[in-house]
Structure formats: C-alpha cells, structure tokens
Amino acid sequence: MDWYLDRSAHTFCYQQLIDRIQTAIQNGELLPGEKLPSERQLATMLGIDRSTVNRAYSELAASNIVSRVVGQGTRIQQQNTPQQANWLAYLRTHSNAFDTLNETAQQKELLDLATNILPTQLWPTLPSVKFPHYLPKEGSQDAVLGLSELRHRILRTMISKELQSQIDDPQVLITSGIQQAFTLLVEGLLAPGDSVAIESPSSLHQLKIFQLLGIRIYHVPITQTGRLSLTQLKKLKRQHQIKLLFVMPNLQNPTGTTMTLVDRQELVNVCRELSLPIVEGDPFQPLIQSTLPTLFSLDPNNVIYASTLSLLMGTQARIGWLLGPAHVMTQLGILRDKLGERIGLAQQLVAEEFLHSPALLTQQRHLIKALSIKRHHLLQKLQPLIQRKWLSVTPTQTGFFLWVNLLNLPPLQPHDYQLFREHGLLILPAYYFGSPNNGLRISFVALKDPQYDQLIIKLEAALKQLHQQFNHK
C-alpha cells in the first residue's frame, strides 16, 4: 500500500497515520494478520519521528485494530474472538465527506452534480403489460436465470448480430442491475484475500462488496482515450496474482472515455496470455448502441459481460444482465436466489415488453438528443474557465457526466474538496474514484436550464478561492 501524510492538513501526523491504516483495512489493502512496517522503517519512509509512529501503533493496539508482539512486530488484528465495539474507529473507517450526501444536502441548499440517475422527466412511457396466470416453476431456467422471453429479447435487441448466433439463452442471467451483477461475480468467483484489478479512476472503487469480503483492489491507470496501462497490468498480475480485471470500455465511469478497437484487441490478447479473466461493464450500451465490438465479442471464453436498462428506463424497471458460460450463469443465479435477491416477475415482464415495443427506439433517440444538448450547453458554459486554464474536460461521447481535470494546482487532499460544498456544489472528487489526480465528475443528466449559470458561478468562485489559497502559500 502507499504510505503518505498530508503536511498541509490541520490533523496531527499520528492521527493521519491511524486513519490511513483503518481506511486501508476497510479497502482491503491491509488484511487480517498482515505485518506492518516497523516503527523505524515507517518513520524513515514518512520522514517523521519514530515516537509518532509508536503513538499511532499504540492507539491502534488499544482499540484492538492491530496486535503488537515483541519479536514479531505489529500486525493487523485477526479478530477471531468477539471484541467490544469500537464505535469511534468504525465511524472513522466507514464514513467520509461524500458518503453522507443526503445529510449534507439537508443542511445546505446544494446544486446536485453527483447523482447519476435518470430523472423522471426523461423516463420513457412504458407499454401496457398483460400478466400471465403462472409463476416460473421452482428450479426451472425461468426461475434461476430469469424469464426466457426476456433473455431472448435481450439477445435480439441488445447484442450485435454478429454475436447473436454464438450465444444461447442459458448464457444470459437476469439481474436487478449492473451493481447486483458485479456483486454476484465478486461473491461467486472470489474469496477473501483474492486480488482484482480495476481502472483508475473507476466507480468500482466504491463497490462495498470488495471491502466486505476482504478483496484487494489494485488500480490500473487509463489514458484520455480509455487505454489501460498494460505494462502496469502485467506487473500487478505477476506481483499480486490478480484473479479478475474489471473494465468499462464504453463511456467509462467516471471519465466518459471509450476504448479504441486497437486497444480492445490488445487488451483481450494480453489478458488471454496472462490467463486473466475480464469482467466487462457496459451500462450505456442499451442507450448508445456502440458499433465497436465488446470485449466479450472479441473473446467470449475469457470475458463475462454486464449491462443494464437502468440508464435507459430509470428506476421504474431495475433490470440488468450478465453474459457468460452457461454453467457459470446457472451457479450465479442459484447464488442470487440464496441471497434472497430473485428478480420480480412484474419487472421482467415490463422490461420484455419495452424491448419488444416501438418505445425502445423512441426512448433511445429522445434520450441521446436530450443528453447531447445538455452536454453541449455545459461545455459552452465551461469555456471561460477552460480558457483561464483552471480546468480541462476529458473528451467524451454523449453520456450522463463530464470528467473535469483541475489544472495548475498542487496535489489536492480530500479536505480541499470541501471548498466546493462551501460554495454550494455537491460533486464527486477524483479521490472518490481512487484517482490520485486533481479532478471531479460533474453529472449533468438532471440539470435544468436555470441551473447552468448557477453551476458556473459557484464553480468559478470555488476555483478562484482554491487558486488564491495555494498561491499565497
């Protein structure tokens, strides 16, 4: 893991070190039983006094977070026996400024640029549905994998014609969305202590199931064209025995980049050589209908594909799907039912009828046009700040958000982003997505016309104060 301290913070170094270790435990960077650097080593690495490290380790030991044995060093506590709850440590570990969005919004009127959910005014009008007088038989494919009519309709409407002939209905598993799909894959395919690689930055950095199961997360940087650092991926595979790679080639979240065909082909070739399976997230495919081949279509034997209708239909029908080997889909379907998360019959029928009706094409056209207008309008409003070289925007196609790079500033710390809230903006900063760079994601899908000017006024004021603050140091 990376060891660092924020010299500009108003927090004592020993407390920063305590918080860093607790966060690393929660994120799976440090696992039960893992040995920490010695006091002398860590003090040298961080350029601090050894007594500071000793105080941090001592407080962690008093809270039963680490164990200290003479001659064996300091290790993360195994927690084999019941312990009294340390509520303060729990709060430090599980909460941060951007996990309490609703609470903060109630305290102050904020312009919400964090939400990535289709607003109701952009929902499609759904066709009427006739409900059958039967329920799927327990243990049948319709019960385990989802209604065959819906799985067949997904293959017919959401999958490229070149790939349709290669996929059978049993290779499709219905889920309640892409998050549930990822959760099933993590729970079904990984074990505590396993390592996975994800893009950096990535929305998957916040997938709590990684933390709950003790899965180690390693980041692979991506460029502004969505290309992964294959050199870094090979290094991580060799050093940490990475079990799965999670990627989003189309409209990657949060950057909005789309991987080129050449980069896709090179990625699947490298992963095949490394014997590294890929999990491909593609939530925007039902909306944009990209003509680029999916990673799954390039290598269906080494890729599991996940998508959803949520970005097209909103929350009125939480339907997603996985594509992969039939026996794997069946086992994941059984796991989903064991977790008590079987998909409702009504939602599946609504989704099937929607995919079968003219409403699908109408919604795709309407939403693409609406999002293009919103994105163009926001980019125009941002031009003065771009010209002042306060920020740049990563090029992207139509989506729900823009990735904004903050320029000409020293590396920002988490507390620095509080300034945006103080100016009335609810944003998701770069570190929320696991990125070490200065930046933030602006979601414009729910913005209304009068709010664009408010956004620019508030954003300009926040950036001006940031630049003044650091220029005076």
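Keep in mind that the numbers below use all heavy atoms, side chains included, and drop hydrogens, waters and symmetry copies. In this chain, numbering begins with 1 at the start of the sequence shown.
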Handout entry: Side chain Gln364, main chain Pro286, donor-acceptor under 3.5 Å
Key = yes
Practice task
Keeping the roles fixed (side chain from Glu353, backbone from Pro127), state whether a donor-acceptor pair exists under 3.5 Å.
Solution key: no
Practice task
Could you pull out the closest heavy-atom pair between Ile343 and Ile174, with the gap in Å?
Solution key: CG1-O, 3.9 Å
Handout entry: Sidechain-backbone polar pair: Glu280 side chain, Leu295 backbone, donor-acceptor under 3.5 Å
Key = yes
Problem - Between CD on residue Glu199 and CZ on residue Phe433, distance to nearest 0.5 Å - result: 12.5 Å
Handout entry: Asp19 side-chain N/O to Gln16 backbone N/O, donor-acceptor pair under 3.5 Å
Key = no
Practice task
For the residue pair Leu110 and Leu425, establish whether any side-chain heavy-atom pair is separated by less than 4.5 Å.
Solution key: no
Problem - Nearest heavy-atom neighbours spanning Leu251 and Ile288 - result: CD1-CG2, 3.9 Å
Exercise for the section: Indicate yes or no: at least one non-hydrogen side-chain atom of His467 is less than 4.5 angstrom from one of Asn408. Expected result: yes
Handout entry: Shortest non-hydrogen contact between Gln121 and Lys448, atoms and distance
Key = NE2-CE, 4.1 Å
Problem - Side chain to side chain, Leu322 and Ile304, heavy atoms closer than 4.5 Å - result: yes
Practice task
Of all the heavy-atom pairs spanning Gly314 and Trp123, show the shortest one and how long it is.
Solution key: CA-NE1, 3.3 Å
Handout entry: Any Leu339 side-chain heavy atom under 4.5 Å of Thr183 side chain
Key = no
Practice task
Classify the side-chain pair Asn405/Ser392 by whether it contains a donor and acceptor separated by less than 3.5 Å.
Solution key: yes
Handout entry: Within 6.0 Å of NE2 in His376, more than 12 heavy atoms from elsewhere
Key = no
Practice task
Determine the minimum heavy-atom distance between Gln265 and Leu298, stating which atoms define it.
Solution key: N-CD1, 4.1 Å
Handout entry: For Asp112, all residues meeting salt bridge (charged side-chain N to carboxylate O under 4.0 Å, His left out), sequence neighbours excluded
Key = none
Practice task
Report yes if some heavy atom in the side chain of Asp142 is under 4.5 Å from a heavy atom in the side chain of Arg151; otherwise report no.
Solution key: yes
Problem - Short N-O contact, Glu352 and Arg153, less than 4.0 angstrom - result: yes
Practice task
Please round to the nearest 0.5 Å and tell me the distance separating atom CD of Gln224 and atom OG1 of Thr394.
Solution key: 4.0 Å
Exercise for the section: State the CD1-OG distance between Ile427 and Ser443, to the nearest 0.5 angstrom. Expected result: 12.0 Å
Problem - Point-to-point distance, once rounded to the nearest 0.5 Å, from CG of Leu184 to CD1 of Ile334 - result: 12.0 Å
Exercise for the section: State, to 0.1 Å, how close Leu355 and Thr157 come at their nearest heavy-atom pair, and which atoms those are. Expected result: O-CG2, 3.7 Å
Handout entry: Pairwise side-chain contact, Ile117 with Thr315, heavy-atom cut-off 4.5 Å (strictly under)
Key = yes
Exercise for the section: Determine whether Val393 and Leu379 make a side-chain contact, defined as any pair of heavy atoms from C-beta on separated by less than 4.5 Å. Expected result: yes
Practice task
Determine, step by step, whether Tyr452 and Phe444 satisfy the ring-ring contact (aromatic ring centres under 6.0 Å, His included) criterion, reporting the C-alpha distance in whole Å, the side-chain angles of both residues, the deciding distance to 0.1 Å, and the verdict.
Solution key: CA-CA 9 Å; Tyr452 287 92; Phe444 56 78; 8.2 Å; no
Problem - Under 3.5 Å donor-acceptor, Gln331 side chain and His327 backbone - result: no
Exercise for the section: Without swapping roles, check the side chain of Gln252 against the backbone of Pro201 for a donor-acceptor pair under 3.5 Å. Expected result: yes
Exercise for the section: Report yes if some heavy atom in the side chain of Asn253 is under 4.5 Å from a heavy atom in the side chain of Phe401; otherwise report no. Expected result: yes
Problem - Interatomic distance, Ser307 atom OG to Asp282 atom CG [nearest 0.5 angstrom] - result: 5.0 Å
Problem - Expected output: side-chain Arg441 to main-chain Ala114 donor-acceptor under 3.5 Å - result: yes
Handout entry: Thr398 versus Ser372, side-chain donor and acceptor atoms under 3.5 Å
Key = yes
Fill in the blank from the handout: The residue among His423, Glu460, Glu422 that forms side-chain hydrogen bond (donor to acceptor under 3.5 Å, both in side chains) with Gln465 is His423
Practice task
Ignoring hydrogens and angles, tell me if any N or O in the side chain of Thr23 forms a donor-acceptor pair with the backbone of Arg20 under 3.5 Å.
Solution key: no
Practice task
Answer with yes or no after comparing the ring centroid distance for Phe400 and Phe284 against a 6.0 Å cut-off, counting only values under it.
Solution key: yes
Practice task
Return yes if some donor-acceptor pair links the side-chain N/O of Thr362 with the main-chain N/O of Pro358 below 3.5 Å, else return no.
Solution key: yes
Distance-only donor-acceptor pairs under 3.5 Å for side chains of residues 231-249, two or more places apart:
from, atom 1, to, atom 2, distance (Å)
His240, ND1, Tyr218, OH, 3.2
Lys243, NZ, Asp194, OD1, 3.0

Exercise for the section: Please confirm whether the backbone N or O of Gly177 pairs with a side-chain atom of Thr308, one donor and one acceptor, at under 3.5 Å? Expected result: no
